[in-house]
Amino acid sequence: MNKSKDFLRRIVQEDLNAGKYPQVHTRFPPEPNGFPHIGHAKSITLNFGIARDFQGLCNLRMDDTNPTTEDTAYVEALKDAVEWLGFKWEGNVRFTSDYFPEIYAYAIELIKMGKAYVDSLNDEEIREYRGTVTQEGKRSKYADRSIEENLDLFERMKNGEFPDGTHLLRAKIDMAAANMKMRDPILYRIRHAHHFRTGDSWAIYPLYDFAHCLSDYIEGITHSFCTLEFENNHDIYDWVLDTLNLTPPRPYQYEFARLNINYTVMSKRKLLELVEKGIINGWDDPRLPTIAGYKRRGYTPESILNFCEQIGIAKANSMVDVAQLEFAIRDDLNTKVPRVMCVINPLKVTIINYEGSEEIEASYYPHDVPKEGTRKLPFSKEIYINKDDFSENPPKGYFRLTPNQPVRLKYAYIITCQEVIKDANGDIIEIKAIYHPDSKSGSDSSGIKVKSAIQWVEAKSAKKVELRLYDRLFKDEIPEGIEAINPDSLKIIKDALIEPAVITDRPDERFQFEREGYFYADPIDYHDGAPVFNKIVALKESSAKKKKAPKTAERPSKKVQIDGEVTPMTAEEETRFEYYTKELKLNSEVANTLARDTKLSRFFQEALKIHNSPINLANLISNEVAREFKQKESLTFTPIQIAQLVKMIDEETISTKIAKEVFEAMSKSGENPEKIVQEKGLIQISDPAQILPIINDIIAKNPDNVAKYQAGNKKLLGFFVGQTLKATGGKANPKVVNELVGKRLGE
RNA sequence: UGGGGUGUCGCCAAGCGGUAAGGCAUCGGCUUUUGGUGCCGACAUUCAGGGGUUCGAAUCCCUUCACCCCAUCCA
């Protein structure tokens, strides 16, 4: 199917291929301080999914380092979520708190190495000393304490001798680091708090940055996936594991973008607010994006899983459209659940020419769902249809019952409206109709054409049910606060009518109520005497039935982008630039790149001494060599070698294409260019007599593309050139090939 | 403002110097006793903008712009 792997799977694959780890081992590491939501589901599918795909393992670990916010109720919800999604964690559920003794020992190790110290500044001072994003911080005066003193203080911190906030263990890194997270990060704080697992045995607790990487290491995790906001913490992750000199292999952290969905909120803080303020009914309110909410609403685990796979993994902050999630659940339920008839807003219909009663056998599944099962539909002269399925003054394109338009009662007869009965207010309260006895479904010989078939229930046998119709929780795509709550997010219908088999036979717990949507028997409030169904999602509505949405067709004018100011050159750079443009005749862009970069310009000057070809040298250096400087600490090749390479281009021994290849080899091995060319036999082929047969062959093999090209798709020239070049191992002279291909295809 | 990251269709997202994948949404047509489903088709001359290198650039170089993250003893 989708053969392209996401970037994380690609990394795992490469590491496995390189033999970096014998087996991949991931982990899902939530903090048990809130209910898991669909963002967690993305992380769960990612971590467990990668482990599954590469025959590896995945742990479930509670990151419980903050005793004041965490609770065992949340760990249960987290376990439920993973299980519900169908994953199995390796071994027991892990807890960071299980590693407190080990983490403590590592802290002591760091102190002994002189890499950590006990600080005794108060919180205000700590903040002050940290500096700002533009200003360096300064080191605490306590940073110079002796190892012995640090050891002593730290032990007494652990023993609970000091009150909260008096001392801290910090890593000794760099208070001037550009990455603020590296300004002597805090490793341990004193907290005289009851922990839900360790009780009162600890007076100090490690912070995320110290505990997380070590927990990963302790568990033998190979790839530690987390969300983008931890990118700044990446350096600490590496610092801790590296300075501790742990026996390899060790885990590495990789970041991906968290999930956002429009018309909802995903942050734990906002979710907690909704729950605590009673705006919704608890963590499992079906309007919430929590796993518990989706579960209660009737979403299937498969649909959530499919959704998570469809949206992909990447590093760009993004906002997924709810429509994508709704597609996932419809798509899943479509082939699974029975169709039944429910009338949400009943309108009585009396069939004046029908006497007695009958039972009609009807399939639970439409023709395109390969499942078996039927039920009996009672039928008599009194039935109910949905109010919207009758229109006295129908708009254009209305398919259902009108005074002049008959309609089919699904699985039963065609009826024609005879009389519309209204109450004192003029509201329609009943329809009198006639049925056509020869129009029965399956044996219709009436010849009457109808435009649609509607759902109905028989009056006496129908059961009353409560329907909870859910809609998006917020009006705004990106809700700012609870003011944006959608007032119609929950509509309760107390007296909908449903066909009896649904209640008496209970063939399933999820149904499609025909022409309405998918519904789920509420797992908590449903009772046989008082059935309750939650609306999972509406059926998709084609535009014809929708109230024609006003088409807003404004052409987004191409936005003009203002260019900012370019930083001016220094005097020295200016001189170089003048020289390059005036004397050496370099184009200004290349000259600019070279002039502004001391390393590059020096490299250029050196190479120029060997081979006097300023333009070609400058081009190669300002592009290819510049990249190497950017990516690598030190270069594997010298200006002399680059000069030799350019010389070969100038002499047309090799093409620019080959030059790129040679350059790549040089950057890997540092070999001389001549040697590389010799060894690989990269001398270019420019003889048309040699190239032409290859081109002919390729043209013969790709008639479709030839036709497309000749029809005007000139981009395909690149395709043919590329193919030819590939066939010659890159040795054909691209200029010649280009010319030849163009000529051949033009014929 | 210093550092880190990201910009490919309305929304996700492949792509890693040689024909701009795919899904959602949207719009047509066919099928249909669900205005559902299914099927078929349309939907980026262009990859945030501007330059440069190259026979050839979404991909390499330079530069500008926009957005996100970092100054909790949270994670």
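Labels below follow one simple rule: chain letters A, B, ... track the order of the sequence lines, proteins then strands, and each chain is numbered from 1.
Counting any heavy atom pair closer than 4.0 Å across all strands shown, A:Tyr411 reaches a base atom. As judged by a 4.0 angstrom heavy-atom cut-off over every strand, A:Ile562 is placed among residues touching the sugar-phosphate backbone only. Looking at heavy-atom distances under 4.0 Å, A:Gly165 makes contact with a base. Nucleic acid contact class of A:Asp63 (heavy atoms, under 4.0 Å, all strands): sugar-phosphate only. Residue A:Leu121 is classed as a base contact, given a heavy-atom separation below 4.0 Å to a base. Counting non-hydrogen atoms under 4.0 angstrom, A:Leu168 reaches a base of the nucleic acid. Within 4.0 Å (heavy atoms only), A:Asn619 reaches sugar-phosphate atoms of the nucleic acid but no base atom. Contact annotation for A:Lys735: backbone-only contact, meaning every heavy-atom pair under 4.0 Å involves sugar-phosphate atoms and none involves a base. Across all strands shown, A:Ile454 has no heavy atoms under 4.0 Å from either base or sugar-phosphate atoms. Here A:Gly137 lies out of heavy-atom contact (under 4.0 Å) with every strand. In this structure, A:Tyr398 reaches the bases: a heavy-atom distance under 4.0 Å links it to at least one base atom across the strands shown. Note on A:Lys451: nothing from the nucleic acid sits closer than 4.0 angstrom, heavy atoms only. Contacts of A:Ser318 with the nucleic acid, taken as non-hydrogen atoms under 4.0 Å apart, involve only primed sugar atoms and P, OP1 or OP2. A:Asn66 comes within 4.0 angstrom of the backbone, heavy atoms only, and of no base.
Remark: B:A21 base-pairs with no nucleotide in the shown strands. Criterion, Watson-Crick or G-U wobble with two distances under 3.5 Å. Across every strand in view, B:G35 sits unpaired, with no contact that passes the Watson-Crick or G-U test at under 3.5 angstrom. Base-pair partner of B:A66: B:U6 (Watson-Crick or G-U wobble, both distances under 3.5 Å).
At a cut-off of 3.5 angstrom, the base of B:G18 holds no donor-acceptor pair with the side chain of A:Lys726. No hydrogens or angles were tested; on distance alone, nothing pairs the side chain of A:Gln455 with the base of B:U34 as donor and acceptor under 3.5 Å. The base of B:G56 lies outside donor-acceptor range of the side chain of A:Lys715, with no N or O pair under 3.5 Å. A:Asn592 contributes no side-chain N or O that forms a donor-acceptor pair with the base of B:G51 under 3.5 Å.
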Distances under 3.5 Å between nitrogen or oxygen atoms of protein and nucleotides 67-72 of chain B:
| unit_1 | atom_1 | unit_2 | atom_2 | d |
| --- | --- | --- | --- | --- |
| B:C68 | O2' | A:Asn317 | ND2 | 3.1 |
| B:C69 | O2' | A:Asn232 | ND2 | 3.3 |
| B:C69 | O2 | A:Asn232 | ND2 | 3.4 |
| B:C70 | O4' | A:Asn232 | ND2 | 2.9 |

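Taking 4.0 Å as the cut-off between side-chain N and carboxylate O, A:Lys315 and A:Glu231 count as a salt-bridged pair. Taking 4.0 Å as the cut-off between side-chain N and carboxylate O, A:Arg189 and A:Asp164 do not count as a salt-bridged pair. For the pair A:Asp388 and A:Arg400, the salt-bridge criterion is not met [side-chain N within less than 4.0 Å of a carboxylate O]. Using a 4.0 Å cut-off between charged nitrogen and carboxylate oxygen, A:Arg408 and A:Asp444 count as a salt-bridge pair.
Out of B:G36, B:C55, B:U6, the shortest distance to the side chain of A:Lys315 is found at B:U6. The side chain of A:Ser4 lies closest to B:A21 when the candidates are B:G18, B:U34, B:A21. When distances are taken from the side chain of A:Arg330 to each of B:A25, B:C62, B:G35, the shortest belongs to B:A25. Among the nucleotides B:C61, B:G49, B:U6, the one closest to the side chain of A:Thr593 is B:C61. Listed candidates were B:C61, B:U34, B:U19. Nearest to the side chain of A:Glu514 is B:U34. With B:G52, B:G18, B:C12 as the candidates, the nucleotide lying closest to the side chain of A:Val590 is B:G52.
Distances shorter than 4.0 Å separate none of the side-chain N or O atoms of A:Lys410 from OP1 or OP2 on B:U32. OP1 or OP2 of B:C74 sits under 4.0 Å from a side-chain N or O of A:Arg191. Contact annotation: A:Arg269 does not reach the phosphate of B:A75 (side-chain N/O to OP1 or OP2, under 4.0 Å). Residue A:Arg170 has no polar side-chain atom (N or O) positioned under 4.0 Å from OP1 or OP2 of B:C73. Applying the 4.0 Å criterion to OP1 and OP2 of B:G36, one finds that A:Arg339 has every side-chain N and O outside that range. Checking the phosphate oxygens (OP1, OP2) of B:G15, a side-chain nitrogen or oxygen of A:Arg10 falls inside 4.0 Å.
Across the C1' atoms, B:G41 and B:U31 are found 15 Å apart, a figure rounded to whole Å. Nucleotides B:G51 and B:A57 have their P atoms positioned 14 Å apart, rounded to a whole Å. Spacing between B:G35 and B:C30 at atom C1', rounded to whole Å, works out to 16 Å. Comparing B:G23 with B:C9, their C1' atoms are spaced 13 Å from each other, to the whole Å. Atom P of B:U59 sits at a distance of 10 Å from the matching atom of B:G49, rounded to the whole Å. Nucleotides B:U64 and B:A20 place their C1' atoms 25 Å apart, quoted to the nearest Å. The separation of B:C27 from B:C69, taken at their C1' atoms, amounts to 39 Å, rounded to a whole angstrom.
Both A:Gln324 and A:Glu516 sit near RNA chain B, but only A:Gln324 has its closest nucleotide nearer the 5' end. Residue order along RNA chain B, read from the 5' end via each residue's closest nucleotide, puts A:Gly312 first among A:Asn623 and A:Gly312.
Straight-line distance from the CZ atom of A:Phe327 to the P atom of B:G23: 9 Å, rounded to whole Å. Rounding to whole angstrom units, CD of residue A:Gln561 and P of B:C47 are separated by 13 Å. Taking atom CZ of residue A:Phe519 and atom C1' of nucleotide B:G36, one finds them 14 Å apart after rounding to whole Å. Summarising the geometry, the separation between CG on A:Asn616 and C1' on B:G52 is reported as 14 Å, rounded to the nearest angstrom.
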Taking it one step at a time, do A:Asp332 and A:Ser303 satisfy side-chain hydrogen bond (donor to acceptor under 3.5 Å, both in side chains)? CA-CA 6 Å; A:Asp332 188 41; A:Ser303 68; 4.9 Å; no
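Looking at A:Tyr580 and A:Asn592, their side chains never bring a donor and an acceptor atom within 3.5 Å of each other. In this model, a donor atom of one side chain and an acceptor atom of the other lie less than 3.5 Å apart for A:His167 and A:Ser120. A:Asp64 and A:Ser97 are linked by a side-chain donor-acceptor pair at a separation below 3.5 angstrom, with hydrogens and angles left out of the test.
Aromatic ring orientation, A:Phe210 versus A:Tyr188: perpendicular (interplanar angle above 60°, classes split at 30° and 60°). In this pair, A:Tyr208 and A:Phe230 present their aromatic rings tilted. The plane angle is within the 30 to 60° band.
Side-chain rings of A:Phe519 and A:Phe513 approach one another, their centers coming within less than 6.0 Å.
Judged by centroid separation below 5.5 Å and plane tilt below 30°, A:Phe719 does not stack onto the base of B:G18.
Taking the side chain as every heavy atom from C-beta outward, A:Cys342 and A:Glu499 never approach each other to under 4.5 Å.
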